[in-house]
Amino acid sequence: MKFLAITSCPNGIAHTYMAAENLQKAADKLGVGMKVETQGSIGVENEFSEEDIAQADGIIIAADKHVDKSRFVGKKLLVAGVQDGIRNPEALIEKLVRGDVPVYQARPGQEPSGGSGRQQAAKQNQIYRHLMSGVSYMVPFIVVGGLLIAIALSIGGEPTPGGLQIPEGSFWKIVESLGGAAFTFMVPILAGFIAFSIADRPGLAPGMIGGFIAANGSFYGSEAGAGFIGGIIAGFLAGYVALWIKKWKVPKAIAPIMPIIIIPVLASLIVGLAFILLLGGPIAKFFEFLTSWLASMQGTSSILLALILGAMISFDMGGPVNKVAFLFGSAMIGEGNYEIMGPIAVAICIPPIGLGLATFLFKRKFHDAERESGKASFTMGLFGITEGAIPFASQDPLRVIPSIMIGSMTGSVIAMIGQVGDRVAHGGPIVAVLGAVDNVVMFFIAVIIGSFVTALMIKLLKKDVVQPQFASANGAIAEDKASGKDNAKADSEISPANEAVAAPAAEPATKSPTAEQHKPISKFTDIISLDLIETELTATSRDGVIDEMIGMLQADGAISSASEFKQAILNREQESSTGIGMNIAVPHGKSSAVLVPRVVFGIRQDGVDWNSVDGTAAKLIFMIAVPAENRGNEHLKILQMLSRKLMDDNFRDQLLQVQSKQEAYALLDEIR
């Protein structure tokens, strides 16, 4: 017999590969063929081919997140949690061997049991998630359309009494028309992928049809159409109508055609008629009013709008409030009003550029790691990535968030007064370089002034930092001054005999977290050191051990905020315990507070209660810290090897018997 298995956990770091290893070992033990596909943080590995699926006698999905099952229609499919793949792999395989597993028919609205990934998704803000799904697919169409039109106007445009115009019949008129074609897809794509997020594939066609009707007022007697507001309403309506129809109980003979014929046709008919007969006209009237109001804004009213947009963009740096303002500006581009997106484009880049500038000008306000992050933040700002400010805001929100809001509001008002326009749904100097900005000089003036205002607010509000002090073996204290100057006095107090002890502690002050995130990793000991190993943990509770190990990460300079990273760890523990059994716990978290990938290893000989799935106390504890952006996959591949190595009984026994950090390090150095 030949079976297939898929393993996946919410973070895709450790449990994914532990389950894969145990399923493979159990299959070998039972004498059945097994191929395991892992869907972890580094993507899909060992992916099934069509031939693999065709030849399979059954499939196991051991996952705590959604896994696409459409490939397995007609196959026996067993769905379980990732912990079952770790704890009870033989039981899962034996169930398939006995045939006590239903054939997957992909009936509308029906999922095999065990889909805890859906339970996790339910905890999220569903409305926001569906909306952002539509926005993420829509934005490329706006960017393509805006850039093509901007390029065509800047190169092929000719001044006329009515403004810059492209002559009919010219090559650049063709380019402009291509950009206009991209814009026509904006609302249908927005609506279609909102519906897709809600109801999966059966919702896509009804959503796009509803979005097309929303964007074309000719269906309901309006010249302007219902715009992006109508598209959002059409998307949600189509999605939930399709989802409702999916839940109908139908005869088995009809079930196969439900997702491809019945659901799309019925949902499209319902949404189309509802929009044409009931919703389109009123929404279009509101959108016409909104557009005319914006177009008529002059003087103080336009300044008020700029203040509001600047504050919204910078408040949560890419979060829901930011996205509302961004979506508003994007919709105005589609209506031909570019002077709304202009101030937004300025506000988008000011937080990361302003904070980067602050780290250059006012070094005493920041730790060494933050000053390194400032370089990355500044660069991200040039490309319009507001999220570059998040590490600073998360560490000191009460001072940083007001600073960036005031800076963005300042820049946004200057841009509005200077009639800065932006024809592309993006921000930062990059859009000006690409020719998408009207009144480029005022754009850069607004960005520069807003960024300096942010930096000055940081100077006024943020306290000088107290740099960590590292004690050498002879009691001397080496303190890295906030000014960033070399501490020659402290260095001179460290005798040659003590250099080996003092160097590891002082090392983090000179590391570049950004550079180290990209550093090639070839073995496990590239992301762990002697300072991150403790063979005699002192804490007696789970949370105590977490605090103790986070303290080691902080001393290593691997994290910028202990409290933020701890919250990421605890959030993961709430999803399901990382006590995987066999006296092992693997607490892990992805967080913007993590500057470089690191693993902490600790031993507690009498164990700690970790709520482990098999009831055993955690004696071997590996804490995994991964940067939120997760750039580079080498460290995840190493962690994958660790996860599989932990399934080796002999390896675990050897780790429990080590007497020193050096012995533990030597064992871990075998993982390559």
Side-chain angles (χ1 to χ4, degrees), residues 108-109 126-128 130-139 141-142 145 177 180-248 250 254 257-295 324 327-328 330-337:
Q126 296 293 313
I127 299 299
Y128 175 68
H130 299 321
L131 176 62
M132 287 304 102
S133 174
V135 171
S136 66
Y137 284 102
M138 176 192 71
V139 166
F141 288 86
I142 305 176
S177 66
F183 272 137
T184 64
F185 288 100
M186 180 180 77
V187 175
I189 289 294
L190 171 67
F193 281 96
I194 288 174
F196 178 82
S197 177
I198 296 168
D200 214 333
R201 293 181 186 178
L204 183 60
M208 294 193 72
I209 292 169
F212 181 78
I213 293 171
N216 290 272
S218 58
F219 284 96
Y220 39 86
S222 170
E223 292 184 5
F228 84 100
I229 296 175
I232 292 172
I233 294 173
F236 279 103
L237 180 62
Y240 285 114
V241 168
L243 188 63
W244 170 60
I245 299 173
K246 281 177 70 175
K247 295 178 180 179
W248 291 0
V250 298
I254 299 178
I257 64 171
M258 286 289 287
I260 58 173
I261 299 177
I262 295 177
I263 298 174
V265 170
L266 284 179
S268 298
L269 187 62
I270 292 170
V271 173
L273 290 175
F275 229 91
I276 292 171
L277 300 177
L278 300 173
L279 302 174
I283 297 172
K285 291 294 183 185
F286 174 74
F287 197 74
E288 288 173 12
F289 165 76
L290 182 64
T291 303
S292 62
W293 175 66
L294 290 170
V324 169
L327 183 59
F328 180 57
S330 301
M332 291 300 100
I333 292 176
E335 296 298 315
N337 187 337

Rounding to 0.5 Å, atoms CD1 (Ile263) and CG (Leu204) come to a distance of 13.0 Å

Using a cut-off of 6.0 Å, state whether more than 12 heavy atoms not belonging to Phe219 lie near its atom CZ.
yes

Here the gap from Tyr220 atom OH to Leu277 atom CG, rounded to the nearest 0.5 Å, amounts to 12.5 Å

Nearest heavy-atom approach of Ala199 to Pro202 is O-CD, 3.4 Å

Any donor-acceptor pair under 3.5 Å from Ser197 side chain to Ile194 backbone:
no

Per side chain to side chain contact (heavy atoms under 4.5 Å, CB included), Ile198 is matched among Leu237, Leu243, Val241 by Leu243

Are side-chain heavy atoms of Ile245 and Met258 found at a separation under 4.5 Å? yes

| said: Between Met186 and Leu190, does the side-chain contact (heavy atoms from CB on, under 4.5 Å) criterion hold? Intermediate values first, please. | reply: CA-CA 6 Å; Met186 180 180 77; Leu190 171 67; 5.8 Å; no

Taking every heavy atom of Ser268 against every heavy atom of Ile209, the minimum-distance pair comes out as OG-CD1, 3.5 Å

Taking every heavy atom of Ala234 against every heavy atom of Gly211, the minimum-distance pair comes out as CB-N, 4.0 Å

Nearest heavy-atom approach of Val187 to Ala215 is CB-CB, 3.9 Å

When rounded to the nearest 0.5 Å, the distance separating CE of Met208 from CZ of Phe196 is 12.0 Å

- prompt: Are any non-hydrogen side-chain atoms of Leu266 and Trp248 less than 4.5 angstrom apart?
  reply: yes

Between Gly207 and Ala195, the two heavy atoms sitting closest are CA-CB, 3.9 Å

Value for CD1 (Ile232) from NE2 (His130), rounded to nearest 0.5 Å, stands at 13.5 Å

